[in-house]
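Hydrogens, waters and symmetry mates play no part in the numbers below; they use all other heavy atoms, side chains included. Letters A, B, ... are given to chains in the order of the sequence lines, protein chains preceding strands, and every chain is numbered from 1.
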Protein chains: 2
Amino acid sequence: MKRHVLLYGLVGGILIAVLKWTEYRFLVIEHSLEIYGGLTAVTFTVLGIWFGLKLTATKERVVVKEVLVPASETFAPDQRKREKLGITPREFEILELIAQGMSNREIAGKLYVSENTVKTHSSRVFDKLGAKRRTQAVQLGKEFGLLP
Amino acid sequence: MKRHVLLYGLVGGILIAVLKWTEYRFLVIEHSLEIYGGLTAVTFTVLGIWFGLKLTATKERVVVKEVLVPASETFAPDQRKREKLGITPREFEILELIAQGMSNREIAGKLYVSENTVKTHSSRVFDKLGAKRRTQAVQLGKEFGLLP
DNA sequence: GCCAAAATCACCCAAAAGTGTGACGACATT
DNA sequence: AATGTCGTCACACTTTTGGGTGATTTTGGC
């Protein structure tokens with residue numbers, strides 16, 4: 001801002017000096033006043049426009065644009081909810097694999113445990129979720145924010 | 001735009017007239033030139049700023065702010081994909097109810113058909129999706145954009 | 001080291017789900 | 001009239017799932 005003021009003074013001074021000089025050269029010219037005023041007007045109009053632009057250069061308008069984003073990108077399983085329901089980490093792990101469409105046998109193979117173990121885990125997680133079937137468990141898991 | 005030019009000329013003319021008039025009144029004043037130039041400078045600076053603002057009044061920078069919106073709100077089942085997979089409307093209906101965690105018996109009751117009918121529909125939809133279990137059918141249905 | 005929670009596994013039984021085949025009627029297309 | 005799709009249903013059979021009970025081992029905290 002200070003630079004602007006200084007610049008203004010400088011330009012004004014230069015202009016006056018130039019005019020002083022031209023005054024001598026065109027002293028007797030009839031319309032020197034009009035030329036003089038015109039030059040000043042043009043110069044300061046340009047300066048004014050530039051200055052005005054500087055002042056308003058930062059004007060921004062914030063437009064809120066809603067963008068659909070797949071929720072899976074930002075999904076994080078709600079651990080607090082899980083604990084509130086009393087679901088253990090292992091049980092939750094089985095629930096996730098069930099949600100991926102795996103059978104008890106497949107889950108058992110993947111986790112290196114017996115099929116019976118998977119059954120007990122799934123039975124317990126169904127109880128805690130209040131589900132009667134695995135499909136319902138998946139649905140409830142989603143509603144509780146445990147699954148994407 | 002034409003109005004602006006006319007206005008400029010008008011203001012310039014008025015200024016010159018005023019100066020002419022003041023010229024007579026302060027003819028002998030030592031620094032009339034400086035006053036004269038200063039007045040012109042101030043006037044046209046103001047005009048320039050105003051003009052500059054006029055020119056840039058509509059120049060707004062649009063800042064896009066992205067907001068995450070749950071995709072579930074705007075979900076619509078992909079009918080084209082459904083047809084591409086050869087899944088009939090009825091079969092799809094059963095798939096939706098399966099995804100909601102309903103048993104075959106419950107679905108049969110809801111749709112007023114026999115349990116066997118539900119079984120055949122579900123078997124066919126599993127074939128078309130390439131699923132071996134209903135949980136897997138739900139998972140694949142989501143991946144295909146058929147289910148939310 | 002003790003205790004509680006968690007994880008593991010087995011067995012039996014019942015229910016649900018899934019497979020395969022066949023069939024019938026309605027409806028649209030050819 | 002013949003064909004094809006869709007929706008409906010039945011029956012037999014296999015597989016999967018779920019419930020209940022009981023037991024052992026592992027683990028983490030006190």
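Along DNA chain D, the nucleotide closest to A/Asp127 and the one closest to B/Thr120 are compared, and the more 5′ of them pairs with B/Thr120. Mapping B/Glu91 and B/Arg133 onto DNA chain D via the closest heavy atom, the residue that lands nearer the 5' end is B/Glu91.
Heavy atoms of A/Ser122 sit nowhere under 4.0 angstrom from any nucleic acid atom. Base engagement by B/Asn116 is indicated by at least one non-hydrogen atom pair under 4.0 Å involving a base atom. B/Thr117 comes within contact range of at least one nucleobase, with a heavy-atom separation under 4.0 Å. B/Ser123 comes within contact range of at least one nucleobase, with a heavy-atom separation under 4.0 Å. A/Lys119 comes within contact range of at least one nucleobase, with a heavy-atom separation under 4.0 Å.
Contact of the B/Ser103 side chain with the A/Arg133 side chain is registered, since non-hydrogen atoms from C-beta on lie closer than 4.5 Å.
The existence of a salt bridge linking B/Glu83 and B/Arg80 is excluded, since no basic side-chain nitrogen approaches an acidic carboxylate oxygen closer than 4.0 Å.
Look at A/Ser114 and you'll find a side-chain N or O under 4.0 angstrom from OP1 or OP2 of C/dA10. At D/dT17, one or more side-chain N or O atoms of A/Arg134 fall inside 4.0 Å of OP1 or OP2 (strictly under the cut-off). Put simply, B/His121 has no side-chain N or O that comes within less than 4.0 Å of OP1 or OP2 on D/dG7.
B/Asn104 places its CG atom 14 Å from the P atom of D/dT17, with the value rounded to the nearest Å.
No side-chain N or O of A/Thr120 forms a donor-acceptor pair with one of A/Thr117 less than 3.5 Å apart.
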